[in-house]
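Scroll down for the structure; my scribbles are underneath it.
We count ligands from 1, going down the list as the structure has it; atoms in each ligand are counted the same way. Since we're looking at a predicted model, the values are computed, not measured. This chain uses plain numbering: 1 for the first residue, then up along the sequence. These values consider heavy atoms only, across backbone and side chains, with no hydrogens, waters or symmetry-generated copies.
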Amino acid sequence: MNPQINETAEFLRRKGMLNPDTGIVLGTGLGELAQRIRPEVVLNYEDIPGFPVSTVETHHGKLIYGDLCGHRVLAMQGRFHYYEGYSMERIAFPVRVMKQLGIQQLMLSNAAGGINPDFGKGSLMLITDHINLLGSNPLLGPNDEDLGVRFPDMSQAFHPGLLTRMRQVAAESHLRLCEGVYAAVPGPNLETAAEYRYLRIIGADVVGMSTVPEVITANHLKLPCVAVSVITDECDPDNLKPVKLSDILETAALAEKSLTRLFEAYLMGEPK
Ligand code: HPA
């Protein structure tokens with residue numbers, strides 16, 4: 001195995017990040033859940049050997065270890081995007097380290113553009129499947145058999161048991177949860193009308209610039225994962241209006257209360 005994975009995991013253990021059961025990756029403008037964690041150890045990415053450093057201003061770049069709803073969680077507040085110039089391998093790295101530390105499930109959130117006209121701005125969508133349009137892949141290159149197999153199966157990229165649990169807790173918490181397919185594009189520009197039309201035709205319900213590298217990495221590691229998108233803008237190709245980052249962040253901020261409730265309900269009462 002890449003010795004850096006072990007070295008970083010060992011560094012984090014020495015800092016007290018012991019036996020986390022759940023990894024969490026929080027998306028753009030969706031850091032509120034991090035505030036709900038009773039923190040025991042918090043490290044800035046730049047202080048973690050081998051970690052890439054987040055460059056997006058809206059991302060804080062902190063790894064938080066602590067208790068959330070009775071779980072020992074390891075949360076990444078701020079993720080790494082391909083459009084920032086990180087290699088896919090760098091984006092995969094934190095997921096591999098979290099697995100090495102012992103997490104048994106990975107929960108992800110992201111902000112995404114709504115392609116499905118039935119899903120309005122501010123909706124939450126459970127990702128049931130994805131389309132990788134990034135033009136790259138974190139598993140390119142020689143395969144590390146210690147991490148996983150050469151050709152990982154992706155027929156159930158999002159773990160059926162975790163999907164079921166997410167649906168159940170959404171219903172119990174009276175939270176509306178749409179379901180659909182997430183398409184990942186490199187960005188950083190938003191899409192043209194023709195591109196949104198194309199995404200709809202190929203079966204995407206939402207589009208974003210993240211999550212898929214982490215999900216592919218998790219599947220390679222046989223790490224069950226579940227992901228939820230917050231729909232921050234409506235991408236109607238026949239009536240496309242300019243979208244500003246500030247609007248996306250504003251919508252993310254409004255929807256993040258529901259997302260936080262959903263993730264907390266998910267962890268509450270769940271076996272550790
Ligand atoms: N496209 C791509 N990524 C996004 C969008 C979008 O419309 N909205 C939020 N993230």
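- In terms of the side chain to side chain contact (heavy atoms under 4.5 Å, CB included) criterion, residue partners of S258 (sequence neighbours excluded) are, by chain and number, L124, L175.
- Residue contacts with ligand 1 for Y196 involve side-chain atoms from C-beta outward but no N, CA, C or O (heavy atoms, distance under 4.0 Å).
- Among protein heavy atoms, the minimum distance from atom 5 (C) of ligand 1 is reached at G113 N, 3.4 Å.
- Judged by distance alone, with hydrogens and angles left aside, the side-chain atoms of R72 form a donor-acceptor pair with the main-chain N or O of N19 at under 3.5 Å.
- The main-chain N or O of A111 is never found under 3.5 Å from a side-chain atom of S229 such that the two would form a donor-acceptor pair.
- Distance alone, capped at 3.5 Å, places no donor-acceptor pair between the E40 side chain and the Y65 backbone.
- Counting protein heavy atoms only, atom 8 (N) of ligand 1 is closest to D233 OD1, 2.7 Å.
- In this structure, the protein non-hydrogen atom closest to atom 4 (C) of ligand 1 is V207 O, 3.6 Å.
- Listed by number with element, the atoms of ligand 1 under 4.0 angstrom from any heavy atom of M209 are 2 (C), 3 (N).
- At the top of the distance list for atom 10 (N) of ligand 1, counting protein heavy atoms only, stands A111 O, 3.5 Å.
- Judged by distance alone, with hydrogens and angles left aside, the side-chain atoms of S173 form no donor-acceptor pair with the main-chain N or O of A170 at under 3.5 Å.
- Annotation: atom 9 (C) of ligand 1 to nearest protein heavy atom, T232 OG1, 3.3 Å.
- The main-chain N or O of M209 is never found under 3.5 Å from a side-chain atom of Y83 such that the two would form a donor-acceptor pair.
- Remark: ligand 1 atoms within the under-4.0 Å shell around heavy atoms of C235 are 7 (O).
- Taking atom 1 (N) of ligand 1 as the reference point, the nearest protein heavy-atom neighbour is E191 OE1, 2.6 Å.
- Applying side-chain hydrogen bond (donor to acceptor under 3.5 Å, both in side chains) to Y266 and the options Q168, H71, Q105 leaves one that passes, Q105.
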